[in-house]
> 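Handing you a structure now.
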Amino acid sequence: MRLVLLAIAGIYLTLAAALWFNQKDILYHPSEAQLLPREAWIAPVRISTPDGESLVGWYSEPEAGCPTMLFFDGNAGRPEIQSGRWRRMQEQGVGFLAVYYRGYSGSTGSPSEEGLHLDAQAGLAWLMRRGIDSTDVIVHGFSLGSGPATRLAATNAVGALVLEAPYSSMSALVAEKLPLFPYDLILQNRFRSDEWIEALDEPVLMVHGTEDRLVPMHHSDRLMAQAPEPSELVRIDGADHATLVRDGLYEAVWPFLERHWTGSREPGRNCAIIPGAQRPEIQVEARISQAHE
């Protein structure tokens, strides 16, 4: 029996060590391909980080008075496969800067949690150097990107935060997939959005698919319970982790911004985001004041 227990302990420790040393390869799946945008209205740009890395960004300028989305992609994100997302923003006159993390799509360096937070901050600083007011920046994080997005919005005054298929924390998500190890001790990349979200002062929108098996819906429920007012949660029936753009994400984003975002300037004639405009009703679950009393 003693030998069996020692063997089990040895296997357990070996697996824990493998997780420790290989966690970056498990979490991050960067593409090495560096491709140029096909759309003439998207410009490839370079963004410098405080620690000396050079990031790839895709940028589209907003119409006068429209917001700019600062977008952070998932763990296997590539800008060239997001044409549907870029088109939906361009049709509204909304600008965007999509920042591709260190080690991704031609960006220098190697990804890590602290590195991704530096990358997010560098994206916001790049927009502000171009004269875009931080309150006109809508921070948008998809999947892995919801972690850097939440921390960025919690530590900077921005216009709003949009979380697409977010997790409450990476350690909680991994523990659900493989509930054998103390991930708060093992993981170096914890992305504790559940610790940052209560520090937000901005409006928050979460959008999640009911058929998401990669990041289950209850992660948005957890974050929603901690989010400040005004916060909204939109559940898209039948959508999975990768189909939210197709299944109605931006049909939820635009009315949310019109309800809760206040820009620094009046919208111009080519900006379709009009604060106070009436759009068709969508089913939302809103944060109510009693939850904070």
Side-chain angles (χ1 to χ4, degrees), residues 36-37 39-73 77 79 82 85-102 104-108 115-142 145 148-163 199-205 250 253-254 256-277:
L36 295 175
E39 298 86 349
W41 40 271
I42 302 178
V45 300
R46 279 282 174 181
I47 302 164
S48 297
T49 70
D51 61 340
E53 303 297 351
S54 176
L55 309 179
V56 167
W58 280 20
Y59 177 66
S60 178
E61 189 171 355
E63 296 289 348
C66 248
T68 298
M69 310 291 286
L70 179 54
F71 177 72
F72 304 111
D73 213 332
Q82 295 279 11
R85 186 186 299 276
W86 312 146
R87 176 176 51 79
R88 283 167 172 81
M89 287 187 269
Q90 194 264 346
E91 288 173 348
Q92 298 293 313
V94 172
F96 67 85
L97 174 63
V99 176
Y100 282 83
Y101 316 121
R102 55 191 63 204
Y104 281 71
S105 297
S107 298
T108 64
L116 265 62
H117 291 313
L118 290 173
D119 297 346
Q121 190 68 52
L124 179 60
W126 189 91
L127 289 173
M128 294 175 68
R129 286 196 299 272
R130 291 186 64 90
I132 296 176
D133 193 286
S134 65
T135 60
D136 292 331
V137 176
I138 311 301
V139 178
H140 180 170
F142 165 57
T150 301
R151 179 170 164 179
L152 183 70
T155 53
N156 294 270
V158 296
L161 174 64
V162 175
L163 298 177
L200 290 167
D201 292 324
E202 299 86 356
V204 184
L205 172 68
Y250 288 99
V253 170
W254 308 140
F256 168 80
L257 293 180
E258 291 177 337
R259 284 192 294 273
H260 299 298
W261 171 65
T262 302
S264 65
R265 298 179 296 167
E266 290 293 323
R269 60 184 298 179
N270 294 321
C271 176
I273 306 301
I274 312 293

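Just so you know, residue 1 is the first one in the sequence shown, and it goes up from there.
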> So do Tyr101 and Leu55 actually touch side chain to side chain, heavy atoms under 4.5 Å?
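Not touching, per the 4.5 Å side-chain cut-off.
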
> Where the side chain of Tyr104 meets the backbone of Asp73, is there a donor-acceptor pair that is under 3.5 Å apart?
no

> When rounded to the nearest 0.5 angstrom, what distance separates CG in Leu205 from CZ in Arg259?
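Here the rounded value is 8.0 Å.
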
> Pairs in or reaching into residues 40-51: which pass side-chain hydrogen bond (donor to acceptor under 3.5 Å, both in side chains), with residues at least two apart or in two chains?
Arg46-Ser54, Thr49-Asp51, Asp51-Arg102

> Checking Met128 against Ser134 for the side-chain contact (heavy atoms from CB on, under 4.5 Å) test, could you report, in this order, the C-alpha distance in whole Å, the side-chain angles of both residues, the deciding distance, and whether it holds?
CA-CA 7 Å; Met128 294 175 68; Ser134 65; 4.1 Å; yes

> Please walk me through it: do Trp126 and Val45 pass side-chain contact (heavy atoms from CB on, under 4.5 Å)?
CA-CA 10 Å; Trp126 189 91; Val45 300; 3.8 Å; yes

> Given Leu152, which partner from the list Asp119, Leu116, Leu124, Leu161 fulfils the side chain to side chain contact (heavy atoms under 4.5 Å, CB included) test?
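It is Leu124; the other options fail the test.
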
> Under the salt bridge (Lys or Arg N to Asp or Glu O under 4.0 Å) definition, can you give me all pairs with a residue in residues 264-277, not counting sequence neighbours?
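As it turns out, there is no salt bridge (Lys or Arg N to Asp or Glu O under 4.0 Å) pair with a partner in residues 264-277 once direct neighbours are skipped.
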
> Calculate, to the nearest 0.5 Å, the distance between atoms OG1 and NE2 belonging to Thr68 and His140 respectively.
14.5 Å

> Any side-chain heavy atom of Pro79 within less than 4.5 Å of one from Tyr100?
yes

> Contact between Pro275 and Pro267 at the side-chain level, heavy atoms closer than 4.5 Å - yes or no?
yes

> Enter the distance from Ser60:OG to Gln90:CD here, rounded to the nearest 0.5 Å.
6.0 Å

> I need the single residue from Leu97, Val94, Val137 that forms a side chain to side chain contact (heavy atoms under 4.5 Å, CB included) with Met69. Which is it?
Val94

> Please list, chain by chain and in numerical order, all residues satisfying ring-ring contact (aromatic ring centres under 6.0 Å, His included) with Trp261, sequence neighbours excluded.
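Testing Trp261 for ring-ring contact (aromatic ring centres under 6.0 Å, His included), a comparison that skips the adjacent residues, returns none.
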
> Out of the candidates Asp133, Thr135, Asp136, only one should pair with Ser264 under the side-chain hydrogen bond (donor to acceptor under 3.5 Å, both in side chains) rule; please name it.
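Of the listed options, the one satisfying the test is Asp136.
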
> With Phe96 as reference, evaluate Tyr250, Trp86, Phe71 under the ring pair (Phe, Tyr, Trp, His ring centres under 6.0 Å) test and give the passing residue.
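Of the listed options, the one satisfying the test is Trp86.
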
> Distance-only, no hydrogens or angles: does the Glu202 side chain make a donor-acceptor pair with backbone N or O of Gly159 under 3.5 Å?
no

